[in-house]
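In what follows, a structure is listed as structure tokens, so that the remarks can point back to it.
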There are 2 protein chains.
Amino acid sequence: MARLPVAERRRRLLAAAFTVISRAGVAGATTRAVVDEAGMKLASFHYAFASREELLAELVGDVIERTEVVLAVPPAPGETLEQLLERGLLRYLDTVREAPERERAMFELTQYAMRTPGLEGLAARQYEGYRALAAVSLAEAAERTGCAWQRPLDEVAAHLVALTDGLALAWLADADDTRAHRTASFAARALSAESRPAESRPAESRPASARPAPTRPAPPAHTAPPTRPEPPTRPAPPTRPGEPA
Amino acid sequence: MARLPVAERRRRLLAAAFTVISRAGVAGATTRAVVDEAGMKLASFHYAFASREELLAELVGDVIERTEVVLAVPPAPGETLEQLLERGLLRYLDTVREAPERERAMFELTQYAMRTPGLEGLAARQYEGYRALAAVSLAEAAERTGCAWQRPLDEVAAHLVALTDGLALAWLADADDTRAHRTASFAARALSAESRPAESRPAESRPASARPAPTRPAPPAHTAPPTRPEPPTRPAPPTRPGEPA
DNA sequence: CGGTGAGTGGGTCAGATGACCCAGTTGCGT
DNA sequence: ACGCAACTGGGTCATCTGACCCACTCACCG
């Protein structure tokens with residue numbers, strides 16, 4: 001093995017660990033399995049990390065920071081907030097379907113954190129991060145469709161996080177695309193019901209329901225790209241043809 | 001140890017296993033830990049089960065069948081569907097708060113099933129069971145408040161399951177009661193939006209929104225009572241004084 | 001009331017795993 | 001060039017774990 005600076009070695013081990021966890025679960029992420037995945041010798045492991053526990057803790061923290069919004073849905077003209085939200089959620093569902101192991105790994109890591117003495121706080125931080133991402137996306141989505149949230153943004157964000165979690169968990173359990181699709185629609189409907197038309201900020205105001213407007217972004221959902229393997233956020237395959245990004 | 005018939009021994013081991021898993025996770029449920037929890041000798045384990053795997057498989061299946069609705073909310077006069085649903089969800093939240101380890105154990109068992117070769121099907125069955133329970137409760141709730149679901153019952157049930165999962169997961173991560181409460185309210189709001197006033201079935205019909213009516217049951221949520229420890233469904237402490245059950 | 005086999009107890013065994021050590025080697029600064 | 005310390009390779013060690021064995025004993029049948 002080439003001579004690597006400790007930092008880089010740690011990074012590679014973290015990435016390898018995530019890969020192993022995706023494949024075999026946290027329990028399967030033994031020092032040997034990780035080291036093997038990274039193509040290193042066992043000694044290198046303990047040179048980079050004091051213990052397996054340290055690696056796991058680092059991984060959890062790492063994953064939190066790297067969590068990204070994978071829902072950047074391309075703009076679509078004259079779309080309502082609900083439609084925009086739905087597309088975003090379906091987009092999220094797609095990423096789960098494409099890499100179920102990754103999503104499972106995320107859930108497992110969260111659970112590991114919740115159950116491990118020093119890491120309970122990290123699980124909370126993880127959800128905090130999810131909510132923050134959700135909030136950003138929801139804010140943008142509302143703005144682009146000329147809507148405003150009727151309740152505090154972070155409150156709506158928490159709801160979105162709960163919905164995506166439930167959605168992902170259910171799909172992971174039964175892999176029923178149809179059902180998941182319907183639940184995504186429901187989620188979009190439910191969330192948009194928490195908004196009102198416009199607020200008068202932009203310029204116009206109308207009493208009716210969500211009014212079309214130049215759209216663009218979309219709702220979020222969490223998914224942590226492994227420290228290395230596979231590109232985090234992809235270009236966003238348009239669910240429907242829309243104006244080119 | 002008293003001389004026990006195999007069946008009883010298996011039952012006790014399953015109960016002990018669930019207890020251990022609640023405390024230490026699936027990974028911590030070693031044959032020795034389980035046997036210890038049950039106050040038996042290791043040999044008794046392999047007398048009752050061919051392997052640890054067999055016990056775990058049995059436990060997953062077991063837990064599915066024993067999943068119960070813990071949301072039987074007592075009746076409350078003149079309550080809307082939304083209110084009824086909210087109370088039920090809050091009731092569920094209470095059970096999670098009271099025994100977080102149990103809920104965590106449920107999630108972990110599901111994950112174990114999803115990842116274990118022969119058990120993937122069980123995870124799907126588990127969710128099927130959750131939906132069935134949700135469906136029953138939703139049907140009752142709608143009926144008692146003179147409402148009807150606008151979509152297929154099992155579709156709405158899937159949404160409820162997703163919502164409770166998301167709700168529980170979020171609470172387990174950050175233990176934020178306020179936030180969980182708000183999300184529960186949101187869930188109730190969102191679900192009741194999927195219903196319409198009445199259908200004309202009972203007798204009356206009115207265009208307005210959910211009309212009061214004799215209420216009684218409530219929404220569900222899943223929680224598997226351990227094979228033995230602690231009574232599964234409790235008497236349902238009235239969140240509000242209502243007619244005696 | 002004696003036999004006997006279901007059920008029990010106290011081991012053993014092989015394999016996996018986390019931690020760690022020590023003798024090298026080799027990149028890099030000087 | 002040269003030396004040193006950062007880094008690597010190839011072990012070892014104590015534990016834990018799942019599986020399993022075999023002699024014993026006691027409850028119940030005949």
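Protein chains get the first letters and strands the later ones, always in sequence-line order, with residue 1 at the start of each. The analysis underlying the following values was restricted to heavy atoms, covering all of them including side chains, and did not include hydrogens, waters or symmetry mates.
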Checklist entry - Sub-3.5 Å donor-acceptor pair from the side chain of R10(A) to the main-chain atoms of L55(A), do we have one? => result no

Checklist entry - Between atom CZ in R32(B) and atom C1' in dT17(D), what is the gap in whole Å? => result 5 Å

Checklist entry - Within less than 4.0 Å of OP1 or OP2 of dT17(C), is there a side-chain N or O belonging to T31(A)? => result no

Item to check | Atom-to-atom span, OH of Y47(A) to P of dG11(D) - whole angstrom | outcome: 22 Å

Item to check | Donor-acceptor pair, side chain of E37(A) and main chain of A16(A), under 3.5 angstrom | outcome: no

Item to check | Any donor-acceptor pair under 3.5 Å from T95(A) side chain to Y92(A) backbone | outcome: yes

Checklist entry - So, does T116(A) use its side chain to make a donor-acceptor pair with the main chain of A113(A) at under 3.5 Å? => result no

What N/O pairs connect the protein and nucleotides 26-30 of chain D at under 3.5 Å? Give each pair on its own line.
none

Checklist entry - Given atom CZ of F45(B) and atom P of dC20(D), what is their separation to the nearest angstrom? => result 12 Å

Item to check | Evaluation steps, salt bridge (Lys or Arg N to Asp or Glu O under 4.0 Å), between D174(B) and R131(A) | outcome: CA-CA 12 Å; D174(B) 63 19; R131(A) 283 195 301 275; 3.1 Å; yes

Next on the checklist: If you assign each of V6(B) and A33(A) to its closest nucleotide in DNA chain C, which residue comes earlier from the 5' end?
Outcome noted: V6(B)

Checklist outcome for this item: Between G28(B) and A43(B), whichever has its closest DNA chain D nucleotide further toward 5' is G28(B)

Next on the checklist: Side chains of Y130(B) and Q126(B): any donor to acceptor distance under 3.5 Å?
Outcome noted: yes

Checklist entry - Could you state the NZ-P distance from K41(B) to dC22(D), rounded to the nearest angstrom? => result 20 Å

Checklist entry - Could you state the CZ-C1' distance from R52(A) to dT17(C), rounded to the nearest angstrom? => result 9 Å

Checklist entry - Does the pair R97(B)/D94(B) count as a salt bridge with the N-to-O cut at 4.0 Å? => result yes

Item to check | Between C1' of dC22(C) and CG of L42(A), the distance in whole Å | outcome: 15 Å

Checklist entry - Could you give the CE-to-C1' distance, from M40(A) to dG10(D), as a whole number of Å? => result 17 Å

Next on the checklist: Please report the distance, rounded to the nearest Å, between NE2 in H46(A) and C1' in dC22(C).
Outcome noted: 16 Å

